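Reading through the structure tokens given below for one structure.
Here the structure is a predicted model, which means the values were calculated and not measured.
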Amino acid sequence: MKTIEKSDIKILLDEATIQTRIKKLAEELNSEYKDSEVYVICVLKGSIMFTVDLIKHLTMPLKTEFIRLSSYGSNMTSSGKVNAVDISLPDLNGKNVLIVEDIIDTGHTAQFLTSFINHNFKVKTYKFISLLDKRCKREVNINPDMYGFEVEDKFLIGYGLDFDGYYRNLKYIGYIE
Ligand code: IMP
Ligand code: MG
């Protein structure tokens, strides 16, 4: 059941702010990778919006892969346990791998994914990009190579981020007080 009214949502990052930043991040990636092929790995479900908008601005040859991890239940705190719902990937040996995440909170998901990739493949390059970085909540020593915005310790919804499965479709990122 939906428990948050739209009128209770405070906007933290509006649509234009998000899109402008994503374009900037894409430009940086374009100049770093140039014409090298990249495997873009979207971590479902949260990073669907970010991945879609980011790859529209990327100019190198790329392939998109989708994996599904879950760590949050339907509550508002990270469980610290990562559940690999679907982590089937092609052969990434010798490839440029770009992981795309919505948010790094405790860091457990990022750490799990990074060790999973390193354990299974000898990739050419590995980069982790997250739209949001909730650095103040970190429990493990891991940081994204690139991020869009550093955010405070608030439970955020919208633009891929959900509360109990809802609000992923919002064009902005907001929070509930
Ligand atoms: P971590 O493993 O604690 O770093 O959490 C990673 C995942 O938790 C993210 O990919 C999100 O799906 C989810 N998450 C973390 N913070 C929030 C939030 O504020 N709102 C919604 N989901 C969140
Ligand atoms: Mg996520």
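- No option in I18, L131, I103 other than L131 meets the side-chain contact (heavy atoms from CB on, under 4.5 Å) test with F50.
- Taking 4.5 Å as the limit, every side-chain heavy atom of I129 sits out of range of all side-chain heavy atoms of Y147.
- Atom OG of S70 is separated from atom NZ of K81 by 11.5 Å, given to the nearest 0.5 angstrom.
- Listed by first and then second residue, the salt bridge (Lys or Arg N to Asp or Glu O under 4.0 Å) pairs that reach into residues 166-177 are K10-E177, D162-R168, sequence neighbours excluded.
- Between Y159 and D53 the shortest side-chain heavy-atom distance falls below 4.5 Å.
- Summarising the geometry of K56 relative to V52, their closest heavy-atom pair is CG-O, 3.3 Å, with the distance given to 0.1 Å.
- Listed here is the closest heavy atom pair of Y167 and F163: CD1-CB, 4.1 Å.
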TODO: Using the side-chain contact (heavy atoms from CB on, under 4.5 Å) rule, take V43 and D102 through it: C-alpha gap first, then chi angles, then the decisive distance, then the call.
DONE: CA-CA 8 Å; V43 186; D102 49 356; over 6 Å; no
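- The CG atom of L132 sits 6.5 Å away from the CG atom of L13 when rounded to the nearest 0.5 Å.
- A donor-acceptor pair under 3.5 Å is absent between the side-chain atoms of N30 and the main chain of L25, judged by distance alone.
- Between I157 and I9, the closest side-chain pair of non-hydrogen atoms falls below 4.5 Å.
- Within the structure, no pair that satisfies the salt bridge (Lys or Arg N to Asp or Glu O under 4.0 Å) test touches residues 58-70, not counting sequence neighbours.
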Open item on the list: Using side-chain contact (heavy atoms from CB on, under 4.5 Å), reason through L156 and V151 one step at a time and then give a plain yes or no.
Closed with: CA-CA 9 Å; L156 305 173; V151 294; 3.8 Å; yes
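- Remark: side-chain polar atoms of D145 are paired, donor with acceptor, to backbone N or O of F128 under 3.5 angstrom.
- Of all the heavy atoms in S47 and E101, the pair that sits closest is CB-C, 3.6 Å.
- Neither L113 nor V140 shares a network with the other; the hydrophobic side chains, linked directly or stepwise wherever heavy atoms of I, L, V, M, F, W or Y lie under 4.5 Å apart, form separate groups for each.
- We find the CD-NE2 distance between Q19 and H57 to be 6.0 Å, quoted to the nearest 0.5 Å.
- Expressed to the nearest 0.5 Å, how far CG of N143 lies from CD1 of I104 amounts to 7.0 Å.
- No continuous path of hydrophobic side-chain contacts links V123 to I142 [ILVMFWY only; heavy atoms under 4.5 Å].
- Taking the side chain to side chain contact (heavy atoms under 4.5 Å, CB included) definition, one finds that T64 meets it with V40, I55, L62, F66, sequence neighbours left out.
- The shortest distance between side-chain heavy atoms of L29 and M146 falls below 4.5 Å.
- Listed by chain and residue number, nothing satisfies the side-chain hydrogen bond (donor to acceptor under 3.5 Å, both in side chains) test with Y172 (two or more places apart in sequence, or in another chain).
- Atom-to-atom distance recorded for I41:CD1 and T51:OG1 is 10.5 Å, nearest 0.5 angstrom.
- Here SG of C136 is found 10.0 Å from NZ of K154. Values are rounded to the nearest 0.5 Å.
- With a 4.5 Å cut-off on side-chain heavy atoms, R21 and T17 do not count as touching.
- Sorted by first and then second residue, the salt bridge (Lys or Arg N to Asp or Glu O under 4.0 Å) pairs with a member in residues 27-36 read E32-K127; sequence neighbours excluded.
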Name the atoms and distances for all side-chain donor-acceptor pairs under 3.5 Å in residues 84-100, with sequence neighbours left out.
residue	atom	partner	partner atom	Å
D86	OD1	S88	N	3.0
D86	OD1	S88	OG	2.7
D91	OD1	N93	N	3.0
D91	OD1	N93	ND2	2.7
N93	OD1	K122	N	2.7
N96	OD1	T125	OG1	2.6
N96	ND2	E37	O	2.9

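- Between the side chains of D133 and S130, no donor-acceptor pair of N or O atoms lies under 3.5 Å.
- Within a 6.0 Å radius of CD1 in I176, more than 12 heavy atoms belonging to other residues, nucleotides or ligands are found.
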